[in-house]
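What follows is one structure encoded as structure tokens, with my remarks underneath.
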There are 2 protein chains.
Amino acid sequence: MASKNKELIVELLKSSKLSVTDTRVKILELFLKSNGALEHADFEKLSGKSFDRVTIYRTLQTFLDKGIVHKIPTTDTSVRYAICRSECREHEHHDHHVHFRCEECGSTQCLEETDIPVLSLPKGYDVHNVEVVVSGVCKACH
Amino acid sequence: MASKNKELIVELLKSSKLSVTDTRVKILELFLKSNGALEHADFEKLSGKSFDRVTIYRTLQTFLDKGIVHKIPTTDTSVRYAICRSECREHEHHDHHVHFRCEECGSTQCLEETDIPVLSLPKGYDVHNVEVVVSGVCKACH
DNA sequence: AATTAATTTGCAACAATGTTGCAAAAGTAC
DNA sequence: GTACTTTTGCAACATTGTTGCAAATTAATT
Ligand SMILES: [Mn+2]
Ligand SMILES: [Mn+2]
Ligand SMILES: [Zn+2]
Ligand SMILES: [Zn+2]
């Protein structure tokens, strides 16, 4: 099961034309293990301090560039990342789903099944992307 | 007209039970002058370095607490603030409008006239607040 | 208008977060 | 295994945000 994940991760990296390194594998493992979005500090904690901070920054940036992960907007200074489950894998992100932030447990989740609604903006605005972040109480927190 | 604004600002501060200080007046002036959201660094630049960084942080936090300004979600580490134009003035924020981030000029605007759409989330999720941030090209940038 | 009381400010010191250049290490291709 | 390319870790620095505390400012009272 762990090795199953490992195989999947190696395949993902290769299909993104990225070399397979310990840091990248570990960070992807943490993404797959976690049930919510992660931020930079989480990787330092969860990885047991085994990787340099700079390497984590660079790895996350690489994953962003390759469309392996996406960012989730927040109103604080933290930057949250989640793995892209579905379509988006190549150049552009297509994570057209809603994000949910639980005020109880603090977790941020991708609601893959909840589509972004269609918006009608005032004339003159050219829409490229719509982000929806819902806050409230999640399923697990009742 | 500048003094007209000043009167308005003094009234706003007093109605929020805040004492009228140079920093608070100046920051509110900058909000009213600007046609988009501002972030912390903007106040340092726009005010001509006349106020201490710490004071700006504390002032913005105070304005948040009093419902004078609201935050706008971003995917970078910056925190953007906009003045609350309409209802929300007391305890809670009611800025149920869409925010727009222009990829050309970098400005962030409140689209007060564009309502947040109604969402249907999966069972078990309790919705408290919905944030919508649209990115694209704004009216001014054609 | 002067005194008093409460609030706000600026400074220093610190913590956390993010960036860049560069040499050593690891990965990939041959 | 060797050569070539990419990635990593370290150091050094920049930016952003927080806290305690004394001095300054504002508001309330006489
Ligand atoms: Mn997502
Ligand atoms: Mn707004
Ligand atoms: Zn929860
Ligand atoms: Zn624009």
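Protein chains get the first letters and strands the later ones, always in sequence-line order, with residue 1 at the start of each. Remember, predicted model here, so these are calculated numbers, not experimental data.
- Atom CG of B:Asp52 is separated from atom C1' of D:dA23 by 13 Å (rounded to the nearest Å).
- The interatomic distance linking B:Tyr57 (OH) with C:dC14 (P) rounds to 18 Å, in whole Å.
- The NZ atom of A:Lys45 sits 10 Å away from the P atom of C:dA16 (whole-angstrom rounding).
- Side chain A:Arg53 to base C:dG18: a donor-acceptor pair is found below 3.5 Å.
- A close approach under 4.0 Å does occur between a side-chain nitrogen or oxygen of B:Thr21 and OP1 or OP2 of C:dT9.
- The base of C:dG10 sits within donor-acceptor range of the side chain of B:Arg58, with an N or O pair under 3.5 Å.
- Between A:Thr77 and D:dG17, a side-chain N or O to OP1/OP2 separation shorter than 4.0 Å is absent.
- At least one donor-acceptor pair under 3.5 Å links the side chain of A:Arg101 to the backbone N or O of A:Gly106.
- Checked against the 6.0 Å centroid threshold, A:Phe43 and A:Tyr57 do not count as a close aromatic pair.
- As judged by a 4.0 angstrom heavy-atom cut-off over every strand, B:Ser78 is placed among residues making no nucleic acid contact.
- Taken to the nearest 0.5 Å, the NZ atom of B:Lys26 stands 6.5 Å off from the OG atom of B:Ser50.
- B:Ser19 has a side-chain polar atom (N or O) that falls below the 4.0 Å cut-off from OP1 or OP2 of C:dT8.
- Rounded to whole Å, the distance from CD on B:Glu39 to C1' on D:dT15 is 12 Å.
- When rounded to the nearest whole Å, the span between NZ of A:Lys66 and C1' of D:dT7 equals 14 Å.
- One can place CG of B:Asp42 at 15 Å from P of D:dT15, the figure rounded to the nearest angstrom.
- Residue-to-nucleotide proximity on DNA chain C shows that, of B:Arg24 and B:Val54, the 5′-proximal contact is made by B:Arg24.
- Whole-Å rounding puts the A:Asp76 CG to D:dT18 C1' distance at 15 Å.
- For D:dG9, the OP1/OP2 oxygens have a side-chain nitrogen or oxygen of A:Thr55 closer than 4.0 Å.
- Between the CG atom of A:Leu18 and the C1' atom of D:dT7 there is a distance of 11 Å, given to the nearest Å.
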